[in-house]
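This is a predicted model, so every value here is computed, not measured. In the text below, chain A, chain B and the rest are named by the order of the sequence lines, each starting its count at 1.
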Number of protein chains: 2
Amino acid sequence: MKHIAESTVRRLSLYLRFLEELEGQGRETISSEVLADSGGTTSAQVRKDLSFFGSFGKRGLGYSVTALAKRLREILGLGQPWQVVIIGAGKIGAALAQYRGFRARGFHVVGIFDSDPAKVGRTLDGVTVSDLAQLERELKQLKPQIAVLTVPADVAQELVQRLTKAGVRGILNFAPATLHAPDGVTVRSVNMALELEILSYALAHER
Amino acid sequence: MKHIAESTVRRLSLYLRFLEELEGQGRETISSEVLADSGGTTSAQVRKDLSFFGSFGKRGLGYSVTALAKRLREILGLGQPWQVVIIGAGKIGAALAQYRGFRARGFHVVGIFDSDPAKVGRTLDGVTVSDLAQLERELKQLKPQIAVLTVPADVAQELVQRLTKAGVRGILNFAPATLHAPDGVTVRSVNMALELEILSYALAHER
DNA sequence: CTAACTTTGTGAAGAATTTCACAAGCCCCC
DNA sequence: GGGGGCTTGTGAAATTCTTCACAAAGTTAG
Ligand SMILES: NC(=O)c1ccc[n+]([C@@H]2O[C@H](COP(=O)([O-])OP(=O)(O)OC[C@H]3O[C@@H](n4cnc5c(N)ncnc54)[C@H](O)[C@@H]3O)[C@@H](O)[C@H]2O)c1
Ligand SMILES: NC(=O)c1ccc[n+]([C@@H]2O[C@H](COP(=O)([O-])OP(=O)(O)OC[C@H]3O[C@@H](n4cnc5c(N)ncnc54)[C@H](O)[C@@H]3O)[C@@H](O)[C@H]2O)c1
């Protein structure tokens, strides 16, 4: 399959969110035009995005809401549930562990780890925090595909190593650090301070 | 000034973070090559990014770490402190309110608002949570340029309206909603579920 | 059944971004 | 003070991404 740009995948996720809303409302079909508005883009862009994966629409009518949503879930890999572990049960890690939006999308938090004895043993939304020392041992059982890193920046890279070795294939990092992983392991970083800085740039350069 | 791509601004922020690390280590100069590695890009890209704003380097030598960091802070609008309010003192709002990384970059949380009486009156990192009903009255005093939205998705848009009317010019939104704001107001969204979905896409399509 | 209308799918054009590649500038050493 | 060695700054080329624009296909109404 041809390489698909991240911007395209991002838009597909937005389309899917909107389609699921429409599904709830019992709407049956939707045009690329309306779908475009929902994601802040253009109808041509929507059609082009979808065309990478096939042709799902009916000319003169639009797309079947349920069929397109189903297809997008497959494309995005959301047909199956994913097992997720969270490393770092601090403020942001705890918030994420209790966040309903993940489970709703098929991301199941199956384990939480922390190195602080004061945090170990606590339960967050039904999952007990384990000691980081048990990481490798427990991952053998849990077999998560994805890890969320919410630890201080200076230990993030070493955890990437350990997680990778234990078979984790995707990492979502919240620490402000540039991380490196071997081929076959995908690392994405969410950097909130950086988002504020982009805002700061925009405000400072207005007009 | 010519329009600068968001991807460029994003990289400038990364360069700045690395430069500040180097400043701490007392390093005096740095080449585009080394700077590139830090941000996961190429030396040509670094030089091109910087060239939009002038020429700061010395051929044969590289860039002065302190001078470039200073210049980047100016470019990014970090020369001045920004006043920030957080709307929604829930799990993620509370985590952000207590996050040290924001203050370190000159983003000062000066107010927190919530509509839940149980949350009002609590203190997070020295700032007391106010009743949302007091929003307009208190914003007149606080005059924040930036608001962080950590409320449920279905009330996010109406808060954009109120904040905009009260003079806020930049909004960082964490709710999974596509928001619209008038010209002159910048809205950025951080969508964590979407980040996981992009990861999911990558894992599902590997090789 | 036909005609008017709507909307898709997609090449081709256009715009934006990244990479290439190299002349020019500066440092350092002899 | 000249030469060798680095590294910048930047046009030009290459690549990637978005928009345009329209034929083809389907719908709806009469
Ligand atoms: N709080 C926020 O709003 C926020 C925002 C953006 C980024 N971040 C980043 O997220 C990370 C966590 O932030 P936080 O505010 O939750 O901090 P925190 O101090 O509340 O949490 C960090 C947790 O990691 C644990 N930890 C430390 N070393 C560990 C290790 N080697 N293995 C496992 N766990 C370990 C600590 O015990 C602690 O529980 C930091 O890198 C921070 O920069 C936080
Ligand atoms: N918790 C997470 O890890 C996480 C991750 C990604 C996105 N989000 C999003 O962030 C938002 C908040 O999530 P949360 O987990 O902190 O939820 P939460 O329920 O803990 O917090 C929401 C807070 O907003 C307050 N609130 C509700 N309506 C309000 C209004 N009109 N004005 C002011 N405050 C109001 C509530 O009282 C509550 O304190 C949601 O949109 C959620 O989807 C959360």
Side-chain angles (χ1 to χ4, degrees), chain A residues 1-15 18-19 22 27-72 75 178 198 201-202 205, chain B residues 1-15 18-19 22 27-72 75 178 198 201-202 205:
Chain A
M1 152 90 59
K2 199 180 153 302
H3 178 258
I4 301 294
E6 178 185 315
S7 50
T8 297
V9 178
R10 185 173 290 273
R11 284 190 299 267
L12 293 180
S13 291
L14 291 176
Y15 305 154
F18 189 57
L19 286 169
L22 294 175
R27 172 133 184 196
E28 305 216 333
T29 63
I30 186 166
S31 69
S32 58
E33 186 70 36
V34 178
L35 207 43
D37 289 346
S38 82
T41 180
T42 65
S43 62
Q45 181 76 78
V46 170
R47 296 197 299 275
K48 184 66 88 182
D49 286 343
L50 297 177
S51 76
F52 294 129
F53 301 94
S55 49
F56 315 125
K58 265 216 179 75
R59 300 182 183 211
L61 195 61
Y63 302 87
S64 151
V65 170
T66 50
L68 185 56
K70 181 152 177 284
R71 197 69 187 79
L72 284 181
I75 290 169
T178 304
I198 297 175
Y201 175 87
H205 291 253
Chain B
M1 153 93 56
K2 199 179 153 301
H3 177 258
I4 301 294
E6 179 185 314
S7 50
T8 298
V9 178
R10 185 172 291 273
R11 284 189 300 267
L12 293 180
S13 291
L14 291 176
Y15 304 154
F18 189 57
L19 287 170
L22 294 176
R27 171 130 184 199
E28 304 215 334
T29 62
I30 185 166
S31 69
S32 58
E33 186 70 39
V34 177
L35 207 42
D37 290 346
S38 81
T41 180
T42 65
S43 63
Q45 181 77 80
V46 170
R47 296 197 299 275
K48 183 68 89 183
D49 286 342
L50 297 177
S51 77
F52 294 130
F53 300 95
S55 48
F56 315 124
K58 268 214 177 75
R59 300 182 183 209
L61 195 59
Y63 302 87
S64 151
V65 170
T66 50
L68 185 56
K70 183 152 177 284
R71 196 69 188 82
L72 283 180
I75 291 169
T178 304
I198 298 175
Y201 174 86
H205 290 252

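- dG9(C) atom P lies 12 Å from atom CG of Leu35(A), rounded to whole Å.
- What separates CD1 of Ile30(A) from C1' of dT6(C) is a distance of 15 Å, to the nearest Å.
- Going from atom OH of Tyr15(A) over to atom CZ of Arg10(A) covers 12.5 Å, rounded to the nearest 0.5 Å.
- Annotation: of the two residues near DNA chain C, Leu61(A) and Gly54(A), the 5′-most nearest-nucleotide partner is Leu61(A).
- Atom CG in Leu50(B) sits about 8 Å away from atom P in dG9(D), given to the nearest Å.
- Note: Thr8(A) OG1 to Gln45(A) CD = 6.5 Å, rounded to the nearest 0.5 Å.
- dT10(C) atom P lies 14 Å from atom CZ of Phe53(A), rounded to whole Å.
- Residue Tyr63(B) has a polar side-chain atom (N or O) positioned under 4.0 Å from OP1 or OP2 of dG9(D).
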Enumerate donor-acceptor pairs with a distance under 3.5 Å from any side-chain N or O in residues 29-36 of chain A to protein atoms, sequence neighbours excluded.
residue	atom	partner	partner atom	Å
Ser31(A)	OG	Glu33(A)	N	3.4
Ser31(A)	OG	Val34(A)	N	3.3
Ser32(A)	OG	Arg47(A)	NH1	3.1

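- Residue Ser32(B) places at least one side-chain N or O closer than 4.0 Å to OP1 or OP2 of dT8(D).
- Rounded to whole angstrom, the span from the NZ atom of Lys58(B) across to the P atom of dC26(C) amounts to 8 Å.
- The CZ atom of Arg27(B) sits 7.5 Å away from the CZ atom of Phe18(B) when rounded to the nearest 0.5 Å.
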Under 3.5 Å, which donor-acceptor pairs do the side chains of residues 53-71 of chain A form with other protein atoms, sequence neighbours left out?
residue	atom	partner	partner atom	Å
Ser64(A)	OG	Ala67(A)	N	3.1
Arg71(A)	NH1	Glu74(A)	OE1	3.3

- prompt: Quick one: what's the B/S/- string for nucleotides 13-23 of chain C, heavy-atom cutoff under 4.0 Å, read 5' to 3'?
  reply: ----SSBBB-B
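- Expressed to the nearest 0.5 Å, how far CG of Leu50(A) lies from CG of Leu12(A) amounts to 6.5 Å.
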